[in-house]
Amino acid sequence: MSIANLARRVVRALTPYQSARRIGGNGHVWLNANEAPLAYPFTVEGSRLNRYPECQPAEVVNGYAAYAGVNPNQVLVSRGADEAIELLIRTFCEAGEDQILICPPTYGMYAISAETCGVGIVEQPLTASRQPDWPAIADRLSDVKLVFLCSPNNPTGDLVGRKGLVALLEKARDRTIIVVDEAYIEFCPEASVADLLTQYPNLVVTRTLSKAFALAGIRCGFTLGDPEVIAMLAKVIAPYPIPEPIAQIAAQALSPMGLDLMRERVLELNKQKALIKAELTRLPCVREVFEDKGNFVLVRFIDGAAVFAAMKAAGIILRDFSSKPGLDNSIRITIGYQGEMDAVLQVLRELCVNTPSAASV
């Protein structure tokens with residue numbers, strides 16, 4: 001008998017999330033994981049490494065609360081926003097009984113975490129305008145414990161409409177928790193819904209230091225919610241989820257100097273994004289450029305497979321979303337520094353010379 005047969009059935013049947021590192025690849029320009037293009041130096045002091053860390057380091061909790069405009073008792077720090085997603089499912093969903101609702105195409109870890117926990121998944125696809133189908137979601141509220149909405153949405157880049165969200169929160173009171181994933185919100189901070197937390201105790205917002213803060217490598221995320229929600233999640237989280245070096249780096253990133261660096265980085269990446277989007281719209285091999293509210297842009301090409309292959313041959317690693325519903329021939333391009341964007345455009349211009357325009361297809 002294979003030892004694998006001892007694993008839970010749901011685990012044996014599970015297809016793991018295909019992260020950028022799991023997929024791998026060979027290249028010198030990595031634009032497939034929505035990472036920041038450059039790292040910044042941080043210092044770590046080692047005199048406390050012989051002690052277990054605080055479960056919720058006060059300096060990090062207080063720093064993020066001040067940054068997000070909430071109270072410290074509305075903040076939970078976790079190992080990335082991915083752990084926050086799983087904590088929400090483990091805390092509020094009974095295995096084998098409850099369900100979550102997702103709106104594909106969207107971030108894959110909502111479904112993976114639910115499957116791993118033995119929780120059902122209700123799919124309510126985005127509308128043709130790539131918005132949540134608010135009436136359809138409202139009709140399913142009695143069937144689900146959690147609704148996951150990504151804003152800006154990964155991979156399409158769209159924002160969740162605030163009016164529809166507020167109406168859903170009203171209908172979901174005391175019935176369902178609505179989770180808004182704001183992993184990319186620093187690139188459009190005016191669109192955050194964190195200000196609604198005081199009004200709606202059934203709203204939860206997840207955040208991360210991975211994107212705009214350029215700290216994907218430290219795995220540090222945050223859950224913002226009603227104090228009662230945070231207290232429930234704190235019952236489930238691991239005893240020591242935030243290693244001491246991670247807490248030190250996160251605190252530095254949330255300092256006034258760290259926040260200034262982050263905002264400068266966002267300005268530069270948004271500038272690069274606007275430039276490449278303008279160039280993409282002029283290329284004959286491009287059929288559609290999607291919304292651009294994150295640090296990436298999703299592009300539908302005439303022939304996505306040919307573009308992906310040409311980029312790979314040039315050592316440029318992108319993320320192919322052609323297999324996702326409604327995203328045929330679509331490739332996501334992370335916004336990097338100017339040299340990386342120039343390399344992408346050079347490959348596309350060479351490829352487009354021999355590709356018929358969208359108008360002729």
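All of these numbers come straight from a predicted model, not from anything done at the bench.
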Only distances under 3.5 Å count here; give the side-chain donor-acceptor pairs of residues 84-94 to other protein atoms, sequence neighbours excluded, each with its distance to 0.1 Å.
{"from": "Thr91", "atom 1": "OG1", "to": "Leu87", "atom 2": "O", "distance (Å)": "2.7"}

Student check: side-chain heavy atoms of [X] and [Y] closer than 4.5 Å:
| X | Y | result |
| --- | --- | --- |
| Val205 | Val193 | yes |
| Ile316 | Val344 | yes |
| Val297 | Leu280 | yes |
| Cys103 | Leu149 | yes |
| Ser78 | Pro241 | no |
| Thr281 | Val286 | no |
| Tyr200 | Glu170 | yes |
| Ile242 | Pro53 | no |

Next on the checklist: Given Glu268, which partner from the list Gln272, Arg265, Lys271 fulfils the side-chain hydrogen bond (donor to acceptor under 3.5 Å, both in side chains) test?
Outcome noted: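 Among the candidates, only Gln272 passes.
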Checklist entry - With sequence neighbours excluded, what pairs up with Phe42 under the ring pair (Phe, Tyr, Trp, His ring centres under 6.0 Å) test? => result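 Phe42: no ring pair (Phe, Tyr, Trp, His ring centres under 6.0 Å) contacts found.
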Checklist entry - Quick one: ring pair (Phe, Tyr, Trp, His ring centres under 6.0 Å) partners of Tyr110, sequence neighbours excluded? => result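 Tyr110: ring pair (Phe, Tyr, Trp, His ring centres under 6.0 Å) contacts with Tyr107, Phe148.
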Go through the structure and list residues passing salt bridge (charged side-chain N to carboxylate O under 4.0 Å, His left out) with [X], not counting sequence neighbours.
| X | result |
| --- | --- |
| Lys277 | Asp292 |
| Arg175 | none |
| Arg51 | none |
| Arg162 | Asp195 |

[X] side chain to [Y] backbone, donor-acceptor under 3.5 Å:
| X | Y | result |
| --- | --- | --- |
| Gln131 | Gly161 | yes |
| Asp303 | Ala306 | yes |
| Asn295 | Asn34 | yes |
| Gln99 | Val119 | no |
| Asp181 | Ala183 | yes |

Next on the checklist: Show, in sequence, the C-alpha distance, side-chain angles and deciding distance for Cys285 and Cys352, and conclude whether the disulfide bond (SG atoms under 2.5 Å apart) test is met.
Outcome noted: CA-CA 5 Å; Cys285 58; Cys352 285; 1.8 Å; yes
Checklist entry - Where do Thr106 and Asn153 land on the side-chain hydrogen bond (donor to acceptor under 3.5 Å, both in side chains) test, with the steps shown first? => result CA-CA 6 Å; Thr106 193; Asn153 186 42; 2.8 Å; yes
Determine the minimum heavy-atom distance between [X] and [Y], stating which atoms define it.
| X | Y | result |
| --- | --- | --- |
| Ala68 | Leu224 | CB-CD1, 3.9 Å |
| Leu31 | Met341 | CD1-CE, 3.6 Å |
| Ala212 | Glu186 | CB-CB, 3.4 Å |
| Ser330 | Asp320 | O-OD1, 3.4 Å |

Checklist entry - Which pairs pass salt bridge (charged side-chain N to carboxylate O under 4.0 Å, His left out) with one or both residues in residues 145-158, sequence neighbours excluded? => result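 Checked against salt bridge (charged side-chain N to carboxylate O under 4.0 Å, His left out) - neighbours excluded - the pairs reaching residues 145-158 are Asp98-Lys145, Arg130-Asp158.
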Next on the checklist: Strictly by salt bridge (charged side-chain N to carboxylate O under 4.0 Å, His left out), give each pair with a member in residues 58-75 just once, sequence neighbours left out.
Outcome noted: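 Found none.
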Checklist entry - Quick check, are the ring centers of Phe187 and Tyr184 under 6.0 angstrom apart? => result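 That pair fails the under 6.0 Å test.
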Checklist entry - Looking at CZ of Arg300 and CG of Asp328, how far apart are the two atoms once the value is rounded to the nearest 0.5 Å? => result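 Spacing of CZ (Arg300) from CG (Asp328) equals 5.0 Å.
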Checklist entry - So which residues get pulled into Leu298's cluster when ILVMFWY side chains under 4.5 Å apart are joined, directly or through others? => result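 Noted: Leu298 shares its cluster with Phe290, Phe321, Leu327.
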Item to check | Derivation of the side-chain hydrogen bond (donor to acceptor under 3.5 Å, both in side chains) call for Arg207 and Thr223 | outcome: CA-CA 6 Å; Arg207 298 273 190 89; Thr223 304; over 6 Å; no
What side-chain donor-acceptor pairs closer than 3.5 Å can you find for residues 132-143, not counting sequence neighbours?
{"from": "Asp133", "atom 1": "OD1", "to": "Ala136", "atom 2": "N", "distance (Å)": "3.4"}
{"from": "Arg140", "atom 1": "NE", "to": "Asp143", "atom 2": "OD2", "distance (Å)": "2.8"}

Checklist entry - Do you reckon Val75 sits in the same ILVMFWY cluster as Leu215, going by side-chain contacts under 4.5 Å, direct or chained? => result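 Same hydrophobic cluster.
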Could you give the side-chain donor-acceptor pairs of residues 243-251 under 3.5 Å, partners two or more places apart or in another chain?
{"from": "Glu244", "atom 1": "OE2", "to": "Arg48", "atom 2": "NE", "distance (Å)": "3.1"}
{"from": "Glu244", "atom 1": "OE2", "to": "Arg48", "atom 2": "NH2", "distance (Å)": "2.4"}
{"from": "Glu244", "atom 1": "OE2", "to": "Gln248", "atom 2": "NE2", "distance (Å)": "2.9"}
{"from": "Gln248", "atom 1": "OE1", "to": "Glu45", "atom 2": "N", "distance (Å)": "2.7"}
{"from": "Gln248", "atom 1": "NE2", "to": "Glu45", "atom 2": "O", "distance (Å)": "2.8"}

